[in-house]
Participant: 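Below: one structure in structure tokens.
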Amino acid sequence: KLEVNAHGGYLLPEYSFLNSITKDYVKSIDISFIKETRGKTEWEQIYKFPEYGISFFYSTLGNDEILGQEYALTYFFKLNYIRKKRFKIYQRIGIGGGYVTKRFDLGDNYLNVAVGSRLNVHFSTRLGTEIKLSEKFNFNAGLSFDHFSNANTSEPNLGINYLTGFSGISYRIGKSTDTKLRDIEPF
């Protein structure tokens, strides 16, 4: 599947100084390539056919001059809590690398005490719904929590957290294959 989502939300400041430099909402977009499991093993059926993939993520951070923007490439795993024929409720957890366009600099950007390096770790978790619109298209919506920091490789390392609502569309590439259901012996 190919999935595209747009996000809008807020920085979650751990420290009050971030409130004073935030000028705008957080706006993000992600493009994901997703592989669906189909029941080749028992655990895939037991865990309601989880999905996994990679995602390219772009986000503003509420102040382009001080905090800049973030680009990230993450690997994720998607667990389906409720999986019906036309509806899913899922949690998606991902981790990967991120690049931030602005970082702390004592002479040029001393107000950005949240991020001390351009390269960072990006972590995200989502709670979402997926509604099947047709054989090829699904509608997605939910909440996403994202965090990035440099894992204390340079100072400062407060990191940035943000909460966004998202919605988007996914498109099934190729033919749909049926899931394999098997009898699973009781534990």
Side-chain angles (χ1 to χ4, degrees), residues 1-34 51-81 88-105 108-131 138-170:
K1 278 194 305 193
L2 173 66
E3 183 174 286
V4 178
N5 291 303
H7 303 245
Y10 300 94
L11 284 182
L12 298 173
E14 286 184 65
Y15 304 94
S16 60
F17 76 89
L18 276 175
N19 285 333
S20 64
I21 62 172
T22 302
K23 294 181 177 181
D24 199 2
Y25 299 104
V26 173
K27 297 174 206 114
S28 311
I29 188 166
D30 72 270
I31 301 169
S32 303
F33 294 96
I34 302 169
E51 303 167 33
Y52 58 92
I54 59 170
S55 178
F56 175 74
F57 186 81
Y58 164 79
S59 184
T60 65
L61 300 172
N63 187 325
D64 288 346
E65 295 83 35
I66 296 173
L67 299 174
Q69 296 104 29
E70 181 199 17
Y71 299 88
L73 185 64
T74 61
Y75 174 79
F76 62 84
F77 197 77
K78 187 175 171 182
L79 293 173
N80 297 307
Y81 292 127
K88 293 179 189 176
I89 294 179
Y90 64 87
Q91 181 178 13
R92 179 174 138 174
I93 301 168
I95 192 163
Y99 177 83
V100 179
T101 59
K102 298 284 186 172
R103 67 177 182 86
F104 173 79
D105 183 277
D108 295 333
N109 197 11
Y110 60 88
L111 290 176
N112 184 356
V113 295
V115 182
S117 66
R118 292 200 189 274
L119 296 178
N120 293 274
V121 174
H122 180 103
F123 168 79
S124 70
T125 185
R126 296 182 184 174
L127 183 60
T129 61
E130 183 176 300
I131 300 168
N138 296 326
F139 173 75
N140 312 295
L143 292 174
S144 178
F145 171 80
D146 293 84
H147 167 82
F148 71 89
S149 67
N150 62 39
N152 213 26
T153 58
S154 64
E155 295 294 332
N157 182 44
L158 299 178
I160 292 182
N161 300 316
Y162 44 100
L163 181 67
T164 58
F166 70 89
S167 65
I169 294 286
S170 62

Participant: Test side-chain contact (heavy atoms from CB on, under 4.5 Å) on Phe76 and Ile93; report intermediate values, then the result.
Facilitator: CA-CA 5 Å; Phe76 62 84; Ile93 301 168; over 6 Å; no

Participant: Would His7 and Ser59 satisfy side-chain contact (heavy atoms from CB on, under 4.5 Å), going step by step from the backbone distance to the final call?
Facilitator: CA-CA 9 Å; His7 303 245; Ser59 184; over 6 Å; no

Participant: Do Ile29 and Phe56 have side chains that approach each other closer than 4.5 Å (heavy atoms only, starting at C-beta)?
Facilitator: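 Result no, sub-4.5 Å side-chain heavy-atom pair not found.
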
Participant: Can you name the closest pair of heavy atoms from Ser117 and Thr153 and give their distance?
Facilitator: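 What the structure gives for the nearest pair is OG-OG1, 4.4 Å.
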
Participant: Would you give the length of the straight line joining atom CG of Leu143 to atom OG1 of Thr129, rounded to the nearest 0.5 angstrom?
Facilitator: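 Spacing of CG (Leu143) from OG1 (Thr129) equals 10.0 Å.
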
Participant: Could you measure the distance from the CD1 atom of Ile160 to the CG atom of Leu11? Nearest 0.5 Å is fine.
Facilitator: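 CG of Leu11 is found 6.0 Å from CD1 of Ile160.
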
Participant: For Arg103, which residues count as a salt bridge (Lys or Arg N to Asp or Glu O under 4.0 Å) partner, sequence neighbours excluded?
Facilitator: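 Testing Arg103 for salt bridge (Lys or Arg N to Asp or Glu O under 4.0 Å), a comparison that skips the adjacent residues, returns none.
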
Participant: Under the criterion salt bridge (Lys or Arg N to Asp or Glu O under 4.0 Å), I'd like the reasoning laid out for Arg126 against Asp30: C-alpha separation, chi angles, the key distance, then a yes or no.
Facilitator: CA-CA 13 Å; Arg126 296 182 184 174; Asp30 72 270; 3.1 Å; yes

Participant: Tell me, with the steps shown, if Leu2 and Ile31 meet side-chain contact (heavy atoms from CB on, under 4.5 Å).
Facilitator: CA-CA 7 Å; Leu2 173 66; Ile31 301 169; 3.8 Å; yes

Participant: Drop me the distance from Ser170's OG to Phe139's CZ, to the nearest 0.5 angstrom.
Facilitator: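 The distance works out to 10.5 Å.
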
Participant: Is Phe33 atom CZ crowded by more than 12 heavy atoms from other residues, nucleotides or ligands, each under 6.0 Å away?
Facilitator: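 Not more than 12 within 6.0 Å, no.
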
Participant: Using modelled atom types only, decide if a donor and an acceptor are shared between the side chain of Asn80 and the backbone of Tyr90 within a distance under 3.5 Å.
Facilitator: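 Between the backbone of Tyr90 and the side chain of Asn80 there is no qualifying donor-acceptor contact (under 3.5 Å).
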
Participant: Compute both the distance and the angle, then confirm whether Arg92 meets the cation-pi test with Phe77: under 6.0 Å from the six-membered ring centre, within 45 degrees of the axis.
Facilitator: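 Because its charged atom misses either the 6.0 Å distance or the 45° angle limit, Arg92 does not stack over Phe77.
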
Participant: What's the verdict on salt bridge (Lys or Arg N to Asp or Glu O under 4.0 Å) for Lys1 and Glu130, showing C-alpha distance, side-chain angles and the deciding distance?
Facilitator: CA-CA 13 Å; Lys1 278 194 305 193; Glu130 183 176 300; 3.2 Å; yes

Participant: May I ask you to decide if the ring planes of Phe57 and His122 are parallel, tilted or perpendicular, using 30° and 60° as cut-offs?
Facilitator: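 The arrangement is tilted - the two ring planes meet at 30° to 60°.
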
Participant: Does a side-chain N-to-carboxylate-O contact under 4.0 Å join Asp108 and Lys102?
Facilitator: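 No, this pair does not count.
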
Participant: Measuring only between side-chain heavy atoms, which start at C-beta, is Leu12 closer than 4.5 Å to Phe145?
Facilitator: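 Leu12 vs Phe145: side chains touch.
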
Participant: Going from OG on Ser32 to CG on Asn5, what distance comes out if it is rounded to the nearest 0.5 angstrom?
Facilitator: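 Here the interatomic distance stands at 6.5 Å.
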
Participant: Quick check: do Val100 and Arg118 have side-chain heavy atoms less than 4.5 Å from each other?
Facilitator: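 In short, these two side chains do not touch, never coming nearer than 4.5 Å.
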
Participant: Is it true that atom OH of Tyr10 has more than 12 heavy atoms of other residues, nucleotides or ligands lying nearer than 6.0 Å?
Facilitator: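 No.
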
Participant: To the closest 0.5 Å, what do you measure between CG (Leu67) and OG1 (Thr22)?
Facilitator: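 If I round to the nearest 0.5 Å, the distance is 6.5 Å.
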
Participant: If the threshold is 4.0 Å, N to carboxylate O, is there a salt bridge linking Glu51 and Lys88?
Facilitator: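 Lys88 and Glu51: salt-bridged.
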
Participant: For the pair Asn150 (side chain) and Asn120 (backbone), establish whether a donor and an acceptor sit closer than 3.5 Å, ignoring hydrogens and angles.
Facilitator: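 Pair absent, no side-chain N/O of Asn150 close to backbone of Asn120.
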
Participant: Which atoms form the tightest heavy-atom contact between Gly159 and His147, and what is the distance?
Facilitator: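 Of all heavy-atom pairs spanning Gly159 and His147, the closest is CA-CE1, 4.3 Å.
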
Participant: For Asp146 and Thr164, which heavy atoms make the closest approach, and how far apart are they?
Facilitator: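 Closest approach of Asp146 to Thr164, heavy atoms only: OD1-OG1, 4.4 Å.
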
Participant: Are the side chain of Ser55 and the backbone N or O of Thr74 linked by a donor-acceptor pair below 3.5 Å?
Facilitator: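 The answer is no, because no donor-acceptor pair under 3.5 Å joins these two groups.
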
Participant: Do the ring planes of Tyr52 and Tyr75 sit parallel (below 30°), tilted (30 to 60°) or perpendicular (above 60°)?
Facilitator: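 Ring orientation of Tyr52 relative to Tyr75: tilted.
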
Participant: Enter the distance from Leu127:CG to Gln91:CD here, rounded to the nearest 0.5 Å.
Facilitator: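 Reported to 0.5 Å precision, the distance equals 6.5 Å.
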
Participant: With a 3.5 Å distance limit and no angle check, can you tell me whether Thr60 reaches the backbone of Lys27 through a side-chain donor-acceptor pair?
Facilitator: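 Checking the backbone N and O of Lys27 against the side chain of Thr60, a donor-acceptor pair under 3.5 Å is found.
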
Participant: Within the 3.5 Å criterion, strictly below it, is a donor on Tyr162 or Glu70 matched to an acceptor on the partner's side chain?
Facilitator: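 The answer is yes; a qualifying pair exists.
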
Participant: Does the pair Leu158 and Phe104 meet the rule for a side-chain contact (heavy atoms from CB on, under 4.5 Å), with working shown?
Facilitator: CA-CA 11 Å; Leu158 299 178; Phe104 173 79; over 6 Å; no

Participant: Under 4.5 Å between any side-chain heavy atoms of Asn138 and Ile131, yes or no?
Facilitator: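 The answer is no, as the side chains (C-beta and beyond) never meet within the 4.5 Å cut-off.
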
